[in-house]
Visitor: 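Below is one structure. I have some questions about it.
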Amino acid sequence: MSTDFAYQSSILAADSPTYDVGQVLTACPETGELLDIQYDWDKVEVPSSLKEFESAWSNRNHPLDYSGVWRFRNLFPFASDDQIVTIGEGQTLLQRSNSVAKYVGMNEGQLFLQYEGLNPSGSFKDNGMTAASTHAHMVGAKIAACASTGNTSASLAIYAGTTKLFKVIVFVGSGKIAYGKLSQALDYGATTLQIQGDFDDALKQVREVCQSAGIYLCNSVNPFRLEGQKSIMYRVLEGLNWEVPDWIVVPGGNLGNSSAFGKAFMELKHLGLIDRVPRLAVINAQGANTLYQLVEKQGLCWNGGNPDSTLIDSFYQNMDAENHRANTLASAIEINRPVNLKKCLRALEFCDGVVREVDDHEILAGKAQVGAGGFGCEPASGASVAGAKLLREQGVIAPSDRVVCILTGHQLKDPNATVNYHSGQPAPEFQNAPIVVENDFGKIMEVIDSIE
Ligand code: F0G
């Protein structure tokens, strides 16, 4: 079943035990820490240059070469070709946006938007879910589950619905999920449990349920998810003609993406496929800013694999004592206990990263700018643009830097947030309110004539 050069190992302690990829684990049985998928690269056939991946472009009739994830499968070779579960994910775009560059304060031509909302279920999650579904298939899972702020559930539901390889149960927080996302889980046929709590509660429950009922867990504690999400960075490099940008800016929720991006660059550097590494900026919503508080305010860092666990524990204890709950309009990243915290610390260290927080007004303004000068995105994705703008203002990002903002979810995921922004009072800066007009030709013409 497993390839003999791929294995799972704890992210902490270099000498930690290793496990076969055929085992279903979401934490190291010995240390309780998250697991990484590791490869004995000496035994893997890796191209000598990233450019060699372009040969897959001429083989688009082959489903694995068509997939924007699996055409890079030599960089995460944990499954054999016949085991791979794909629905054609990863056909995403890197767009140069000069209007967003201007808003952020960048030189023309220097800001890029990576549209992960163009995936089949409308978010970046499909990059990881194709990998988790592949592993679920490898181990013969009959039921898979996840907790979600909406996109993970939509993604898992679409893979189960289209492939019929397993059934799906999704756990969502009550009233905490945008309708676009909830509608997907329902439509794709997932059994949907609305837990009377938030995402952090739902994740705690689903982990226990999966453990005790032998259900396959598809949250980003699943190390295979992150293997697929590495491909977002490969496609960014591909879009830049294999040149490494100066910055990757990404919203931070459960911190799966940032962790996967860091791992992608660690491996590419190790393999000699890139000669330098971009800096990573992880952007929290102010109302869900655990990473920002711990890293930027309390100095938490990876510390060579020895992050200060006491600091983390006491942070969470205080949070619980105050019954402090995550609260942001960017519901996708309304998360106070990011499960990939330590992996993200590792990514921040390797990529000389920074963490920032932005408030909901800044997030919605960033989102409105993407809508007005790009293809649109959901609120959480607006945090990337808002974060890039803040880092420009702080002089951390230079106007001449080359910056890629990751847009994690599609504009149509959360239409309420968009319509409320454009029609709400007091009118926000970039509001484009609908004009109410009588059902009368003359009145309509009056309005049209008044448009500049
Ligand atoms: N952006 C969007 C649109 C998301 O859906 C999520 C996470 C994130 C950003 C944060 O990414 O967790 O890798 O830091 N959504 C999860 C969900 C939690 O359940 O759909 P992260």
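In each ligand, atom 1 is the first atom listed, and ligand 1 is the first ligand listed.
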Visitor: Which is it for N340 and ligand 1 at heavy atoms under 4.0 Å: side chain, backbone, both or neither?
Guide: neither
Visitor: Between K125 and ligand 1, which residue portion shows a heavy-atom distance shorter than 4.0 Å: side chain, backbone, both, or neither?
Guide: side chain
Visitor: Which bit of I333 gets closer than 4.0 Å to ligand 1, counting heavy atoms only: side chain, backbone, both or neither?
Guide: side chain
Visitor: Using the rule salt bridge (charged side-chain N to carboxylate O under 4.0 Å, His left out), only one of K343, R346, K342 pairs with E33; which is it?
Guide: K342
Visitor: Test your reading of the structure: does S381 have an N or O sitting under 3.5 Å from an N or O of ligand 1?
Guide: no
Visitor: State whether the number of non-hydrogen atoms from other residues, nucleotides or ligands found under 6.0 Å of Y179 atom OH is greater than 12.
Guide: no
Visitor: Near I335, which atoms of ligand 1 are under 4.0 Å from a heavy atom of that residue?
Guide: 18 (C)
Visitor: With atoms numbered from 1 as shown, which atoms in ligand 1 lie under 4.0 angstrom from a non-hydrogen atom of N151?
Guide: 2 (C), 3 (C), 4 (C), 5 (O), 20 (O)
Visitor: At less than 4.0 angstrom from any non-hydrogen atom of N257, what atoms of ligand 1 do you find?
Guide: 13 (O)
Visitor: Does the distance from a Lys or Arg side-chain N to an Asp or Glu carboxylate O, for E378 and K181, drop under 4.0 Å?
Guide: yes
Visitor: Considering heavy atoms of the protein only, find what lies nearest to atom 1 (N) of ligand 1 and give residue, atom and distance to 0.1 Å.
Guide: T408 OG1, 2.7 Å
Visitor: Quick one: which ligand 1 atoms are inside 4.0 Å of a heavy atom on L255?
Guide: 12 (O), 13 (O), 14 (O), 21 (P)
Visitor: Considering distance alone, does some N or O of S148 sit under 3.5 Å from an N or O of ligand 1?
Guide: yes
Visitor: Hey, what do you get for CZ (F315) to NE2 (H324), rounding to the nearest 0.5 Å?
Guide: 7.0 Å
Visitor: Tell me whether the count of non-hydrogen atoms from other residues, nucleotides or ligands lying under 6.0 Å of CD in E208 goes above 12.
Guide: yes
Visitor: For ligand 1, which is the ligand I care about here, please tell me if G253 has any N or O atom under 3.5 Å from one of the ligand's N or O atoms.
Guide: yes
Visitor: In terms of ring plane angle, is the pair F53 and W242 parallel, tilted or perpendicular, where the classes change at 30° and 60°?
Guide: tilted
Visitor: Give a yes or no on whether Q211 atom CD has more than 12 heavy-atom contacts from other residues, nucleotides or ligands under 6.0 Å away.
Guide: no
Visitor: Less than 4.0 Å is my threshold; does some heavy atom of G252 fall inside it relative to ligand 1?
Guide: yes
Visitor: Under 3.5 Å between any N/O of K181 and any N/O of ligand 1: does that happen in this structure?
Guide: no
Visitor: So does V85 get a backbone contact from the side chain of T134, meaning a donor-acceptor N/O pair under 3.5 Å?
Guide: yes
Visitor: Backbone or side chain, does any N or O of G409 fall under 3.5 Å from an N or O of ligand 1?
Guide: no
Visitor: Below 3.5 Å, N or O to N or O, backbone or side chain included: is there any such pair between S153 and ligand 1?
Guide: no
Visitor: Could you say whether the N/O atoms of S258 and ligand 1 ever approach to under 3.5 Å?
Guide: no
Visitor: Once you restrict to heavy atoms under 4.0 Å, what part of E378 touches ligand 1? Side chain, backbone, both or neither.
Guide: side chain
Visitor: Under 3.5 Å between some N or O of ligand 1 and some N or O of G256?
Guide: yes
Visitor: Examine the proximity of ligand 1 to A332 and report which part, side chain or backbone, both or neither, has a heavy atom under 4.0 Å away.
Guide: both
Visitor: With a 4.0 Å cut-off on heavy atoms, is V250 touching ligand 1?
Guide: no
Visitor: Any idea which of N254, T152, D414, I406 brings a heavy atom closest to atom 12 (O) of ligand 1?
Guide: N254
Visitor: Hey, are R337 and D320 close enough for a salt bridge, meaning a charged N less than 4.0 Å from a carboxylate O?
Guide: yes
Visitor: In ligand 1, which numbered atoms sit nearer than 4.0 Å to a non-hydrogen atom of A380?
Guide: 1 (N)
